[in-house]
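Throughout, residue positions are numbered sequentially from 1 according to the sequence presented. All values reported here derive from a predicted model rather than from experimental measurement.
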Amino acid sequence: MEINRSQEKELNKLLMPQKVTLLLGARRVGKSILIENFLEKYKGSFLLLNGEDEDTHELLAKRTTANYKRLLNGYDLLVIDEAQAIPEIGKKLKLIVDTIKGVKVLVTGSSAFDLLNVSGEPLTGRSNTLNLYPIWQGELKENLLQAKQNLDERLIYGSYPELWQYDKLEDKKRYLSELVNAYLLKDILILDGIRSPSVIFNLLKMIAYQIGKEVSYNELGTALGISKNTVEKYLNLL
């Protein structure tokens, strides 16, 4: 099922010389696919790099203007997917946009990219941010009747793009379980050095059961055996 993401139009507006456009979002919400679709229609010349590739790390390792000018010679757009994996990426991007005239930069990163403040101070005044979320109703070609028929399932299973390839609810449930275990909680555990993932799981369950009700940090902390401040900290991370 082909779904046109509304953020693709926003990318055209935000991309400009001497600026870094940060496309941020949780894992598996479709950042890489959005970039691929955008670049297929891009009129200029671009260099696409993958931040999780060691070759990319080597290309960007030498933080000098001369190195980056050689790398970007003939290109007006630099695109780095999964940029949070590159050491000191904020400082490297700052040097590129400060010293190479006319270059536009587009980078994607998981939510950890923003939370870890990787972009941080080096890009103050030099970046625009665009957030990508799971698919929303306005991106679907459905009439009112179809939307109502699909509402219950969407409320339960959500709108991650890959869910559309599964017809069976059991397959959707399995995909979401793998997503939580392999990506979302992994990011959170790495982000804050959390050593007890079971606490995060139990906190999530307790919050899920309290939808629509007032939540007390003290009560959650008592039930989980952690402090009120730790509860608040974990909820902020989530």
Side-chain angles (χ1 to χ4, degrees), residues 1-12 14 21-42 46 48-54 56 79-86 106-116 118 129-191 194 197 200-201 203-205 207-208 211 235 237-238:
M1 180 179 180
E2 186 176 342
I3 300 171
N4 295 320
R5 306 305 305 270
S6 57
Q7 281 88 347
E8 191 172 328
K9 294 180 180 178
E10 290 298 314
L11 278 180
N12 273 316
L14 291 178
T21 299
L22 304 171
L23 177 63
L24 303 180
R27 293 177 185 266
R28 314 307 297 174
V29 295
K31 298 187 298 295
S32 297
I33 296 297
L34 176 62
I35 293 297
E36 287 178 15
N37 293 337
F38 173 78
L39 292 178
E40 282 181 4
K41 304 166 189 172
Y42 185 68
F46 63 86
L48 174 61
L49 301 175
N50 187 331
E52 295 181 330
D53 190 320
E54 288 297 329
T56 295
V79 183
I80 307 176
D81 198 13
E82 299 296 343
Q84 78 277 357
I86 300 173
L106 170 60
V107 300
T108 77
S110 68
S111 301
F113 185 87
D114 190 37
L115 292 171
L116 283 167
V118 175
T129 301
L130 181 63
N131 290 295
L132 184 65
Y133 302 101
I135 295 162
W136 69 287
Q137 189 63 38
E139 293 172 325
L140 300 173
K141 297 177 181 178
E142 291 183 336
N143 58 39
L144 182 59
L145 177 60
Q146 291 171 319
K148 286 185 176 181
Q149 290 173 336
N150 293 323
L151 179 60
D152 285 349
E153 184 179 320
R154 299 250 170 84
L155 288 174
I156 295 171
Y157 295 97
S159 300
Y160 272 85
E162 288 183 56
L163 287 174
W164 263 261
Q165 67 181 312
Y166 300 115
D167 296 322
K168 297 180 181 178
L169 298 184
E170 191 62 32
D171 291 335
K172 294 187 177 186
K173 181 178 179 181
R174 186 181 301 109
Y175 170 79
L176 290 174
S177 295
E178 291 175 356
L179 178 69
V180 169
N181 287 296
Y183 291 113
L184 302 184
L185 287 181
K186 179 181 175 184
D187 268 358
I188 291 172
L189 297 179
I190 292 173
L191 177 67
I194 297 170
I200 291 285
F201 274 108
L203 176 59
L204 280 171
K205 289 178 183 177
I207 292 298
I211 289 177
L235 289 177
L237 289 174
L238 290 168

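Looking at Asn131 and Thr129, their side chains come closer than 4.5 Å, going by heavy atoms from C-beta outward. In this structure the side chain of Val79 never reaches within 4.5 angstrom of the side chain of Phe38, judged on heavy atoms. A heavy-atom distance below 4.5 Å is found between the side chains of Leu140 and Arg154. Counting only heavy atoms from C-beta outward, the side chains of Leu163 and Ile135 never approach each other to under 4.5 Å.
A pairwise comparison of heavy atoms in Arg5 and Leu34 identifies CB-CD1, 4.0 Å as the closest pair. When all heavy atoms are compared, the tightest approach of Thr56 to Asn50 is OG1-O, 2.9 Å. Scanning all heavy atoms of the two residues, the minimum distance from Ala85 to Gly51 falls at CB-O, 3.3 Å.
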Give the C-alpha distance, both sets of side-chain angles, the deciding distance and a yes or no for side-chain contact (heavy atoms from CB on, under 4.5 Å) between Leu169 and Ile156.
CA-CA 10 Å; Leu169 298 184; Ile156 295 171; over 6 Å; no
Going through the checks in order, is the side chain to side chain donor-acceptor pair (under 3.5 Å) test met by Thr108 and Asp81?
CA-CA 5 Å; Thr108 77; Asp81 198 13; 2.3 Å; yes
Going through the distances and angles, do Asn37 and Glu8 end up as a side chain to side chain donor-acceptor pair (under 3.5 Å)?
CA-CA 8 Å; Asn37 293 337; Glu8 191 172 328; 4.7 Å; no
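Rounded to the nearest 0.5 Å, atoms CD1 (Ile86) and CD (Glu54) are 10.0 Å apart. In this structure, the separation between CD on Glu82 and CG on Asp53 is 12.5 Å, given to the nearest 0.5 Å. Interatomic distance, Ile200 CD1 to Lys205 NZ, rounded to the nearest 0.5 Å: 13.0 Å. Annotation: the span from Tyr160 atom OH to Leu176 atom CG amounts to 8.5 Å, rounded to 0.5 Å. Taking CG from Leu132 and CD1 from Ile33, the interatomic distance works out to 11.0 Å, rounded to the nearest 0.5 Å. The distance from the CG atom of Leu106 to the CG atom of Leu48 is 9.5 Å, given to the nearest 0.5 Å.
Checking side-chain atoms of Glu142 against main-chain N and O of Gln137 turns up no donor-acceptor pair under 3.5 Å. A donor-acceptor pair is defined here as one N or O able to donate and one able to accept, closer than 3.5 Å; such a pair exists between the side chain of Lys31 and the backbone of Ala26. Between the side chain of Glu139 and the backbone N or O of Ser6, at least one donor-acceptor pair lies under 3.5 Å. Remark: the backbone N or O of Trp136 is not paired with any side-chain donor or acceptor of Ser159 at under 3.5 angstrom.
A salt bridge is absent between Arg28 and Glu178: the closest approach of a Lys/Arg side-chain nitrogen to an acidic carboxylate oxygen does not fall below 4.0 angstrom.
Between Tyr42 and Phe46, the two ring planes are perpendicular [angle over 60°; tilted spans 30° to 60°].
Summarising the local packing, CG of Asn143 is surrounded by more than 12 heavy atoms from other residues, nucleotides or ligands at distances under 6.0 Å.
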